[in-house]
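First the structure, in the form of structure tokens, and then the observations on it.
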Amino acid sequence: MIDTPDLNWAALAPELITGGACMVALLVGMARATWSRVAATLVTALALIASIVWTIATFSTTHYSEFGGQLHSDELTNVGRIIAALCGLVAVALAVRGRANDGRHGEFHALLLAAVTGMGLLVASSSFVTLFIGLELFSIALYVMCALDAERVASLESGLKYLIVGGMSSAVLLYGSALVYGATGSLAYADIGAYDGNRGVLLYAGAAMVLGGLAFKVSAAPLHWWTPDVYEGAGTPVTAFMSTATKAAGFLAMARVLTTSFVPEADKWMPIVAALSVASIVVGNLAALVQPHLKRMLAYSSIAQAGYLLCGIVAWENTGVPALVYALVVYSAMTLGAFAYVVVLEREIGRDATFADLAGRGWIGEDKTMLQALPALGVSICMLSLAGIPPTAGFFSKFGLFDGVVQSGYGWLAVVGAVGSVISLGYYLRVLVELYMRAPDAARIAAEAADLPAPTTGPTRPAGTRMPVAAALGVALAAITLLLAFLPERIFDAGCDARGELVSTGSCTQVEAAGDAADSPASTTAAAAQ
Amino acid sequence: MGDSAFSLPTLLVIAPAAGGLVAMSMLTRRAAAITSLLTFLVQLALLVVGVVQLDRFADRAGSNVVPSCGDSAAREGANVVLAQCSDWFPQWGIQYHVSLGYGALGLVALTTLVTAGASAFSWWADRERPAAMQGLMWITAACLTGLFVARDLVLFYVFFELMLVPMLLLVGVWGGAQRIRATMTMFIYTLLGSLPMLVGVIAVGIAANDAISAGGADLAGSSTFSLPVLSALAADGALHLSNWVLVAFLLAFAIKAPLLPFHGWLPLAYREAPAEVTAMLSGLVSKAAFFGFLVVVLPLFPEQLAGGWGTALTWLALASLVYGCFGAFRQPDPRGVIAYSSLAQMGLIVLGLTSFTGGGAEQGIAGAYLQSINHGLVSAAAFLFVGVIELRTGEREFARLGFLGTGRARLVSIGLVIALITLAVPGATTFAGELLILAGVFRGDVSGPLVATIGSFAVVLAAMYALRLVAGLVFSDRHTTADDAADAHARFGGDLGVRELLIIGPAVVALLVLSAWPNLLHRPMNQPPVAITTPADPLLAAAAAGHDEHESDESKSEDTKSDTDAPAADAAEEQQ
């Protein structure tokens, strides 16, 4: 008699919804009728919304060791699921009317849903088996999505490059988990963390390879070199999704693995993560300074942001993980807002956008009403937020991350981060400078107009009457970036609770006790115990 | 646990911010100007309410404050009109904590007056995109007001940084030929100072956390970033901050002021920005640095400043004063003169602050406060005055200007008043300020007679550049080399009209009123926003009073209480 584990499908419900919808979207997409594109979009959007609603409704429900110890669903998992699904939803909206899914809408939407499913599985994993399955599920979907804009050579190059180097990183991660298994005889995070035998070189090597594999996915330097080419080549909605959801899932998985499986080795991996952080901040910021293309700039900016986010992992013993969760939400909102504007711009000019294309677009003019000047304002807010200028949420996310590392005794890392932020202004502000302070180069535009006789989008609408979906979305995301600075508590608490379950020391409650008068019994006891 | 009502300091921030946003969305120049005017009037009305409220509560020490957000007992009977406090990021101990004292009131009034002058100037000068320009000016004013009323270190930092964004756009969009270079230089210089300051702010929060948990329950529940609490902790010697934290703060404020080795952004920004924006930069934005020195550096780092760091700051300020005076004398253009004189004046103001230990503290700091208001008014008036000349003649250098005063009585009068107040003739309010500063510095522990002597010589140098400025423009053509100075004279047209007088006039009138009656700022001068050695500010007085009371209670009951009782009592207090 085979002993089957008790399967708790509720722990996997969001993935089941998106995974099921993935098949439906593929089938719907096969229909060659005109409605199929709309239908595929609707199926995807509805599935993502359903998954988000389910996750929010069961937000505080926790499932431990489901599916034979393979899955672990708690608030941290749910935050990851929600971020992935929301980023997916934004990508779907950005791709509406776009070229990214022209004629391949079935594939585009099915792959997007597969990727969201994989990310959900990744953040819910509690063993290296599910970690790898989740990782591969979303990675393979993303390889294809990058190459989906097949008319452009850059897109094919992007997909191929991502496939080869991504496959290599997956292999490294797989080999690392094999070594960990060899050292401890277990694949479950909790069992590995609890293993009290010889935690020697074999385990160190395995842990380092696992960390390397995940660092590759979140594009932390020095494992970042694939990022600019892949981001530039992929269709912009895909890039937007890839740069936000992948990072959120990767960072949450990294936080989970490192703070459950490798707690005894923390004094060894913390300096390594700090070094990765410094490398990402330096490389990302310096390289972004000299990029003429917006998408490349945003790619390097995402490397630098990964450096800041790594600070949250370094500070895991203090408030690092809650700060990381908050920073991931904020990072997703502001990065998606920036990409939304790139989508708007690309449709308007019909090619990859450079800084020069931004010139003078911020102002209301003869051909621009106030409504049409709003997207430029939105992207400006997103840029200021990425740079960490208060009172945008980007400032508070940096505040939380730096606060964590200073508390953990890595004050120098916060200084590096602050200097990196100064450098980053060189390129984030360049967007504002181009939008508001330079006049468009009339001669160049005339020359290009002669080269490109036909506009790539449909018939031009009368000026100032409508706003494309992507532009409206960019404005909304900028507004969210501002709002997040004032409504942080729920998100922060989510990270806090999840963090409390991950490891035994409850740093969050200590901070609450110091920060505010005691409402919760936990902090009272903490204070009384002192 | 926030206050439900909007308090006066909050309204003082919201009014210009809302006015600015509305002005920005106006479609015509006239509508924008009317919005600006309305904003100015609303702000004036709010300030009058503030004066009335402060006078009403002046005798009832401590009744008009909210010492800390968590402390509900102290909030009983508190005046919600003058202070407001609510949690913002409780996890990190960040609060929205604002209050209006006399000190802040004076600086907010200065901000309102100068911003109104600057936005009126931009309307008169008929700038491109007038709505956006005037809107951004009022938003800058809102940020400055927020900075002056903020009683939370993070809130202070938020306004300190946020102010940069509208300033950046004002210089970058409406500036001269090299505007983008000027913008980037200014922005990167400033952020090079303020982002390390962010790390410093975090370090202060962590140190305060330690101090609060070590200090028992009397401060439990207080924000770790509340400036009054931090000042009280530092005054008790409970706040242990390392030197690099001080350096981070000093650097940020020294760049913003600017002081001597950090003034690289100043000449370019002051020359490239439009005249009215320069007036705001030198008149108002530099005061943010003064305020930072006053409410952050002096109260939080008393030990370090009493040692070598205070001496270093003193000599830095003195060097800025001397260098600025000589620099101003050598500039080829009027704007350069005022720019370097601003450097000198900021040096003098900071010098006044360095008298914080020793017998001259009260005089020195009161003088620095008075001089900040004076400098804000006089430099704004001077930049607007020069701006009018630049716009009318189209010339920006002494070499092409001269004898503009001939036949223009109003121009001569205004120019002469500005010059005389700049050079601090006895009787002028600037003379009162400088006298107080030098008297304070003379008796200061870290400054002393030598510094005061050098400083007083440097003050005399002000006469050279102030006279050169007004003489070069109005009276003589000693510097004029070109033949077409006569053209410039002709192009200037008639004497200053009503509109120009209305733009420059208010600041000049305010200076004359202050000269006749420097006691007008008596109370603000004696009650700096956060006191240094004695808690003269009602806010801090209350915080310190609560603190002291508790301590004395403890010492009284020490005999009766056993040691084991204390932690239990603390826990009980927390549970309430």
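Naming convention: chains lettered A, B, ... in sequence-line order (proteins, then strands); numbering from 1 in each chain.
Both the backbone and the side chain of B:S25 come within less than 4.5 Å of a heavy atom in chain A. Within the 4.5 angstrom heavy-atom criterion, only side-chain atoms of A:L384, from C-beta onward, approach chain B. Heavy-atom distances place both the backbone and the side chain of B:L192 under 4.5 Å from chain A. Contact of B:A248 with chain A is not made at all, since no heavy-atom distance falls under 4.5 Å.
Counting heavy atoms from C-beta outward, A:R438 and B:I180 have side chains that approach closer than 4.5 Å. You'll find the side chain of B:M184 stays beyond 4.5 Å of the side chain of A:L425, heavy atoms only. With a 4.5 Å cut-off on side-chain heavy atoms, B:L162 and A:P391 count as touching. When side chains are defined from C-beta on, B:L195 does not count as touching A:V419, because their heavy atoms never get closer than 4.5 Å. In this structure the side chain of A:I389 never reaches within 4.5 angstrom of the side chain of B:L164, judged on heavy atoms. Counting heavy atoms from C-beta on, the side chains of B:T183 and A:V433 never come closer than 4.5 Å.
In terms of heavy-atom pairs under 4.5 angstrom with chain A, the leader among B:L198, B:I188, B:V173 is B:V173. Heavy-atom pairs under 4.5 Å with chain B peak, among A:V406, A:L429, A:L432, at A:L429.
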Assess the residue pair A:Q407 and B:I202 against the criterion (side-chain contact (heavy atoms from CB on, under 4.5 Å)); give the C-alpha distance rounded to whole Å, side-chain angles, the decisive distance to 0.1 Å, and a yes or no.
CA-CA 9 Å; A:Q407 284 188 44; B:I202 291 171; over 6 Å; no

Quick one: do B:V158 and A:F396 satisfy side-chain contact (heavy atoms from CB on, under 4.5 Å)? Show the steps, please.
CA-CA 10 Å; B:V158 164; A:F396 288 103; 4.3 Å; yes

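The aromatic rings of B:Y157 and A:F395 lie parallel to each other, their planes meeting at an angle below 30°, with 60° marking the opposite boundary.
A:M437 approaches B:R179 most closely through the heavy-atom pair O-NH2, 2.6 Å. When all heavy atoms of B:P196 and A:A418 are compared, the closest pair comes out as N-CB, 4.2 Å.
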